[in-house]
Amino acid sequence: MDKFQIHGGRRLQGTVPIDGAKNAALPAMAMALLTSEPVTIENIPHVHDIVTMRRLLEHMRARVSPLEENPHAVTIQAAEISHAEAPYDLVKTMRASILTLGPLLARSGYARISLPGGCAIGARPVDLHIRALEQMGAQISLDHGYVEARAERLHGAEISFEKITVTGTENIMAAAALADGETVLTNAAREPEIEDCANLLNKMGAKIEDAGASTIRIQGVASLHGAIHTIIPDRIETGTFAVAAAITAGDLLLTHCNPDHIAAVIEKLSSCGVEFSADRAKPGELRVRAGSRLDGRDLTTEEYPGFATDMQAQYMALMTQAEGESEITETIFENRYLHASEMTRLGADISISGSQAVVRGPTPLIGARVIASDLRASACLVLAGLAASNTTSIDRVYHIDRGYECIEEKLRAVGADIERIK
Ligand code: EPZ
């Protein structure tokens, strides 16, 4: 297993190009199952979850071919669905495999998807996906850890999610796109990735209105056709590098990003003293500089457009260097503080009780050997390593490779002393 070795204490300065959003690319790839025609997706990040999704689609006999002229693009063609199954050994490493359930059911009337199983950050059931599909006429049974779903023909329904679910919203939009009649989704997720998924589906001939709002309307159509689509920038990668600038007293220019997608993060970090500037003439760019002060500020994670749960761990790293006490409340997942214990080994002063974490700062961080536990926790440990004195080594960096493309190369390019040890 690879690990990172970081000699901290260096200011980061320079330009960081932001990749396409992993959490937009994964649903986009799954949507290609809805048509027999080729779907080309561009601005795909080279992260491990994309490799897993590609293996999953190929297991279903879809053809997935990278474009020679563009290594960040792929064409997917599911000419026919002959193997509508997502096996456990693929699903166990990536919960987002559940995104193939809606498309397979809508396209072929059958799907057999391994249950994702809990992962480091909580139980993460799929009960809301299943209940919604049953409302659309699917017969779903759970057997031997698999969701087995059948539907002669899905029909539209009035569906209200009792909890906001991102992939649940994407799964139902996909199923409703080919269902008989209208589906109205209320309490839908509003993340930019939802809107991006709907934009792709509409390019494929779907009739989806108001994606990105809490109520989405979908008129079913008989079939969908191929399309070409460019994935939105990764707002979590953008936020992660913004924290990297702030925590190293640095100055970074983030390019190919969309600042509008992290308004809540920008607002929160600005209140702590981080300085942001954007040039109207260059909409895809955002400059982030550490300010003259860094004050602790409380945080509560919320569904979009609130402060993203996927940025909570990164924010916690920053708060260890901020003046005063900050109370962090995680409202989306029940166990998303695994990074806290590793952070205290670096010298942070963090106390956890239930969904709350109290961080007291600033405390000097001193390099140590730590272990990554999940994707965003590992990002937190990298950020802490950049700010710590001496050397920090981080084991199990496969977690970070799931969601960030060559993060060590991007960090080295702006002055970090980080290397991957095979
Ligand atoms: C998506 O996960 C993202 N993944 C996650 O990013 C992100 O943390 C999460 O949304 C919240 O923003 C992708 O988009 C591929 P949810 P998802 O369904 O859809 C509960 C990362 O770091 N719930 O919105 O799986 C669930 O347990 C990953 O890139 C049910 O109870 O999350 C959680 O507490 C991590 N029943 C809450 O809802 C269900 O059927 C939100 O989950 C579904 C969800």
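Each ligand, and each atom within it, is numbered from 1 in the order the structure gives.
Within the 4.0 Å heavy-atom criterion, neither part of E303 lies near ligand 1. The side chain of R376, and not its backbone, has at least one atom closer than 4.0 Å to an atom of ligand 1 (non-hydrogen atoms only; side chain from C-beta on). Here M53 has no heavy atoms under 4.0 Å from ligand 1, in either its backbone or its side chain. Residue H129 touches ligand 1 through backbone and side chain together, judged by heavy-atom distances below 4.0 Å. Heavy atoms of T165 found under 4.0 angstrom from ligand 1 belong to the backbone as well as the side chain.
Other residues, nucleotides and ligands contribute at most 12 non-hydrogen atoms within 6.0 Å of the CZ atom of R396. A 6.0 Å sphere centred on CZ of R153 holds more than 12 heavy atoms belonging to other residues, nucleotides or ligands. Heavy-atom neighbours of I228 CD1 from other residues, nucleotides or ligands within 6.0 Å: at or below the threshold of 12. Within 6.0 Å of NE2 on H256 lie no more than 12 heavy atoms contributed by other residues, nucleotides or ligands.
Close contacts of ligand 1 with K22, meaning ligand atoms under 4.0 Å from a residue heavy atom, involve 21 (C), 29 (O). Taking every non-hydrogen atom of R336 and a distance limit under 4.0 Å, the qualifying atoms of ligand 1 come out as 8 (O), 22 (O), 35 (C). Each of the following atoms of ligand 1 lies closer than 4.0 Å to a heavy atom of A96: 15 (C). Below 4.0 Å from some heavy atom of V126 lie the following atoms of ligand 1, by number and element: 39 (C), 40 (O). Atoms of ligand 1 found under 4.0 Å from any heavy atom of F333 (numbered from 1 in listed order, with element): 8 (O), 9 (C), 33 (C), 34 (O).
For the ligand labelled ligand 1, residue P125 lies inside the 4.0 Å heavy-atom shell. The closest approach between any non-hydrogen atom of L99 and ligand 1 is not below 4.0 Å. The shortest separation from a heavy atom of M311 to ligand 1 is not under 4.0 Å, leaving the residue out of contact. The shell of residues lying under 4.0 angstrom from ligand 1, judged by heavy atoms, excludes R402.
Residue I332 has at least one nitrogen or oxygen atom sitting less than 3.5 Å from a nitrogen or oxygen atom of ligand 1, judged on distance alone. Residue contacts with ligand 1: E191 is placed with no nitrogen or oxygen under 3.5 Å of a nitrogen or oxygen of the ligand (distance criterion only). Below 3.5 Å of separation, one finds no N or O of E334 facing any N or O of ligand 1. When only interatomic distances are considered, the shortest N/O to N/O separation between L375 and ligand 1 does not fall below 3.5 Å. Taking any N or O of D127, backbone or side chain, at least one lies under 3.5 Å from an N or O belonging to ligand 1. Taking only nitrogen or oxygen atoms, main chain and side chain alike, T167 reaches within less than 3.5 Å of ligand 1.
The closest donor-acceptor contact from the side chain of N202 to the backbone of I208 lies under 3.5 Å.
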Q.
Pair N258, R235 - check side-chain contact (heavy atoms from CB on, under 4.5 Å), show working.
A. CA-CA 7 Å; N258 185 334; R235 60 194 170 96; over 6 Å; no
For Q312 and H339: C-alpha separation, side-chain torsions, deciding distance, then whether side-chain hydrogen bond (donor to acceptor under 3.5 Å, both in side chains) applies. CA-CA 10 Å; Q312 176 256 108; H339 43 287; 3.0 Å; yes
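Here OG of S353 is found 7.5 Å from CD of E327. Values are rounded to the nearest 0.5 Å. Going from atom CD of E303 over to atom NZ of K163 covers 8.5 Å, rounded to the nearest 0.5 Å. Distance CE/M1 to NE2/H399: 8.5 Å, rounded to 0.5 Å. In this structure, CD in E80 is found 11.0 Å from OG in S108, a value given to the nearest 0.5 Å. Taken to the nearest 0.5 Å, the OG1 atom of T183 stands 12.0 Å off from the CE atom of M173.
Within the set T331, T309, D310, the minimum heavy-atom distance to atom 6 (O) of ligand 1 is found for D310.
Aromatic ring orientation, F307 versus Y315: perpendicular (interplanar angle above 60°, classes split at 30° and 60°).
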